[in-house]
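Below, chain A is the first sequence line, B the second, and so on; all start at residue 1.
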Amino acid sequence: MNATSFRTAKAIEGRMLTFDIGSEAFAIRADCVREILEVPHVTHVPGAPAFVNALINVRGTVAPLTDLRIAFSLDSAKHNEDTRVIVIEELIHETRETIAILADKVNDVCELDGGQVEQAPAIGTRWRPELIEGIGRKGDRFVIVPDIARIMGEYVS
Amino acid sequence: MSGSDPVAAFRVEAFELLDQIENDLLDLGQDLGNRALVDAVFRGLHTLKGSGSMFGFDALASFTHHCETAFDRVRKGQARATAALVGVILSARDQMRALLDETIAPDEAAQAAILAALQAAVADDGAATTAPAADAANVIEDATRLTFRLAPSAMANGNNPLNLLGELRELGATKVCADLSRLPPLDQLVPGECHIGWTMLLPASVTRDDIEDVFMFVMDDMELTLEELEPASAASEIIAVAETGTAAPSQARTPSAPAAESVRVPAERLDELMNRVGELVIAQSRLAQIAAQGGTINEIALRAVSEDIERLSSELRDTTMVLRMMQVGGLFGRFRRLVHDLAQETGKSIEFSTEGETTEVDKTVIERLADPMVHLIRNSCDHGLETAEQRIANGKAGTGQIMITATQTGGEVIITVADDGRGINRDAVRAKAEAQGLIAPDAVLADQDVLQLIFHPGFSTAAQVTNLSGRGVGMDVVKKTIEGLRGTIRMTSVEGQGTRIMLHLPLTLAIVECMLVRVGSGCYAIPLSAVEECLELPASEAAGGKSRSFLDVRGELIPFLRMREAFATDWPAELHQKIVIVGAGDTRVGLVIDQIIGNAQTVIKPLSRFHAGLGTFSGATILGDGTVALILDVGNLLASAQRQSATRAVGEAA
C-alpha cells in the first residue's frame, strides 16, 4: 500500500543534512547549516530551560546549544566519539540567530526519497505534530524534518 | 556617502562651526560686553558663509551673509550686542542648520522674519542705521535687478570681474547668478575673453550712480540693465532666483542616505596605534623565526616573545579603546542651548553650569546618552525649578541652578544632573502611584523605592501636562536607555532643596575587567568595578539551608546569596567557600562562591534571545582557553537582595 495515497505530501526543495538523535533520524535543510563541529567545551546556563541550557564558543561567537531530545522527548545519550554539534543560522521571529544543535551522529547530505515529505500523523506519534514540518524517507528509514524556526521560537523571550 | 565626499566633509565642519557659534553666542549672552566673543562669532559666521558658497550652499551663504553683516556692526562698535540680538542670531543659527540639511525645504518666510528681527535688533540701539543691516530687510521688501555683461575684451584690458562682484557685494547685492548662456563650445572658447554675464538683486537704496561708479572703468562696450522690481514680484523673483540658483544643485545631490559615521581622532593617538602595530609586526617575525628553527625550540626566547605579544596586545587594546573615547564636553555644550530656550519658554531664570567636560566616555555611550539627558534637564527646568517669585518666597535665590557634572571613578563614569528646585514630593508620588494601582495604599516603601516609582512607565506627577514634560513618557525611557548601556540610575532628592540624579555608566561597552569565580563546575565573571571586597565564608555559615542569610561585616548587616543554591549545582562544595561582596552605592550583597580564580579582561558578548530573559546574566565572554563564561548581572543580584531585605523587614515588623 502506498502511504502517500491517504496523507498529504509536500515537496521539499534542496539537499538535506541528515543526523541521528537516539534511534530517530532527523533532516534539516543543508543550506542553513554553517558548520559541523566536534563537541567543544560546553558552558551550562543555570536557570535556563533544559532545551537550551548551554552555550558554546563558535569561532568567537557565543552560540546557544540546543538539544532536540528535549523537544521530542527522546532518551538522552552519553556523548561519544560520533557526537557532533551542528551550527545553523535560522530566522527566528524575524532575526537571524546562530544556534548549535546537538546530534548523536551526523550522517549525510542528500535529497530525501522523492524529494518530498508527508504531513506528520496527528495520532500515532509521541510528538507534537506542529513541531514537525513533515516525515520523509531515506532508504529504509523514516526521517523527521523538524520545524526548527517553530521549535526555537517557543524558547525565545 | 564616501568619506572623501567634500560636501559631506563640509557639512560635518559646518555643523561643528554652528555648534561653536552657538556656544560663543550663549557665552556672549552671559557677558554682552566681551569683544573676544563678538569677534569669535563674527569669524564663525564669516567662515561659514565663505565655505558655504564654495560648496554650493548658496541659500546658506546669502542668509549667513546678512547675519554676518549685522554682526559686523556690533564688531565695529556701530551697534551694541544685546540679549535680543543674541536671541535672533541663535534662531538664525537654527535656520542655517536647516539650510545645511537638504532634506528640509528652506523656509523663506521664517528667514525673512529672522532678518527683519535682526534689523530691528541692531537698529533698536539708536546707532545710525546705514546700509548693510538695512539692506538685509530691504532685499525682501523691494529691490532692483541688475543684469550686466562685460565686453569680451574686458579681461584683456586688465579688469577682473571678481573685483567688480566684490564691490557689488559691498553695495548689498544678493542672489548673484552667473549667466552662462553665451558660453561657446570648448573648441571655440577663447580663454582670455569674458563670456559670463551676471544677474543680481540690489537693495532699492542703491542708486544708479552707485552702480555706475562700480563699472566706471569698464563702461565701454558692456551691457548693463537695471530693473526696478515691484515689492511682490521682488519676493517671487527671489524665490525664482533661489529655485534656479539652489534648487537645481540640491536635486542633483542624492536624497539623504544615512551619513556614514565618522569619528575625529587626534593624530597622536593614531601615531601611538601605528607604533604598537609596528612593534607587533616585529614580535611576530621573531615568533616566526623561533618556529622555523629546527630541532629543539629555545624556550626562553619563546617565552620572551610571548610576553612581548601579551604586552603589545594589551597596549593595542587600550590604544584602540581610547580611539573610541570622546569627551563629554561636546554633549554638555548642546544642553546649554536647551536650558537657554527652556528658561525663555518657562519664564524662569536659570543658571546652567557644567563640570568635568574633559571626562571621556565611549562614543556609543555619548550618542545614546543625549536623549535621556534632554529628558532629565527638561524635567529639572519644568518640574524641578520653581518660578523666581516662588523661590524668593521660599528664601532661595531667584535664579535656579542646574548643574551637570561628569566624574570618573574606577571603571565607571558618573554623570549627575542636579537642580536646586523644589525636590520630589514623596506624598504626591505615592498618591499618584496608588491612584494608578502601582502600589497598594498601605504598602511600606523605603525612600529610595518611592523615588524609583517615577521611573515606572506612564508615571508623571505633573498635575498639568506642559509642552516641556509631564506626558509620563520620560523617565521610564531614561531608565531603559541607561540600563541598555549597562548603567544604573540613582537619585537623591530633598524636598525644598533640589533633586540630584546620577547616571552610573560603564567606561566602555566592549571590554570589562572581571573577577573570575568558580561555582560548582562553572566559571563565572563578575565585573570588577562592582566588587568591593572578598571574604572567607565563616565556618558557622558554611552549612547551607539556614533561613538566615545575613552576614555581619564590620558591624554592617549584608545579605548574601548562596550561588551554589541559585545555580543548583551538585558538585561537591569547596571546604572554604568565599564571599564576594558586590555593590553599587549603598546597596551591597555578598555572593557565596566556591573559589576565586583571578582577574581577566573580558570582551562582552551579548546573550542570545534564548537567555536574555533570564536576568541573572548580563552577557557572556570567551576566556583564554576558548571556553564560554557567563557574566553575572550585578544590578539584578542587588535587586533580588533588596527584595530579600524587604521581606526580612516585613518579617521583623510582623
>> I'd like to know whether CD of B:E536 has more than 12 heavy-atom contacts from other residues, nucleotides or ligands below 6.0 angstrom.
In response: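 Above 12, so yes.
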> Under 6.0 Å from the CD atom of B:E310, do we count more than 12 heavy atoms belonging to anything else shown?
Replying inline: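 No - once you tally the heavy atoms of other residues, nucleotides and ligands closer than 6.0 Å, there are 12 at most.
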> Do you know which of B:G626, B:A629, B:C523 has the most heavy-atom pairs with chain A at a distance under 4.5 angstrom?
Replying inline: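 Heavy-atom pairs under 4.5 Å are most numerous for B:G626.
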>> Just so I understand: if I count every heavy-atom pair under 4.5 Å between each of B:L630, B:T569, B:T616, B:T621 and chain A, which residue has the most?
In response: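 Top count of heavy-atom pairs under 4.5 Å with chain A: B:L630.
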> So, the side chain of B:R609 versus the backbone of A:I92: is there a donor-acceptor pair under 3.5 Å, distance only?
Replying inline: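 Yes.
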> Looking only at heavy atoms, which two atoms of A:E97 and B:S608 are closest? And how far apart?
Replying inline: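 What the structure gives for the nearest pair is OE1-CB, 3.9 Å.
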> What is the minimum heavy-atom distance between B:L614 and A:P46, and which atoms define it?
Replying inline: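 Minimum heavy-atom contact is CD1-O, 4.1 Å.
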> Would B:H611 and A:V52 count as a side chain to side chain contact (heavy atoms under 4.5 Å, CB included) if you check the C-alpha gap in whole Å, the side-chain angles of each, and the deciding distance to 0.1 Å?
Replying inline: CA-CA 8 Å; B:H611 301 123; A:V52 54; 3.7 Å; yes
> What's the verdict on side chain to side chain contact (heavy atoms under 4.5 Å, CB included) for B:F610 and A:I99, showing C-alpha distance, side-chain angles and the deciding distance?
Replying inline: CA-CA 10 Å; B:F610 292 105; A:I99 302 165; 3.9 Å; yes
> Taking only heavy atoms into account, what residues of residues 57-67 of chain A are found under 4.5 Å from chain B?
Replying inline: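 Result: A:N57, A:G60, A:T61, A:V62, A:P64.
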>> Pair A:H44, B:F567 - check side chain to side chain contact (heavy atoms under 4.5 Å, CB included), show working.
In response: CA-CA 10 Å; A:H44 181 73; B:F567 293 164; over 6 Å; no
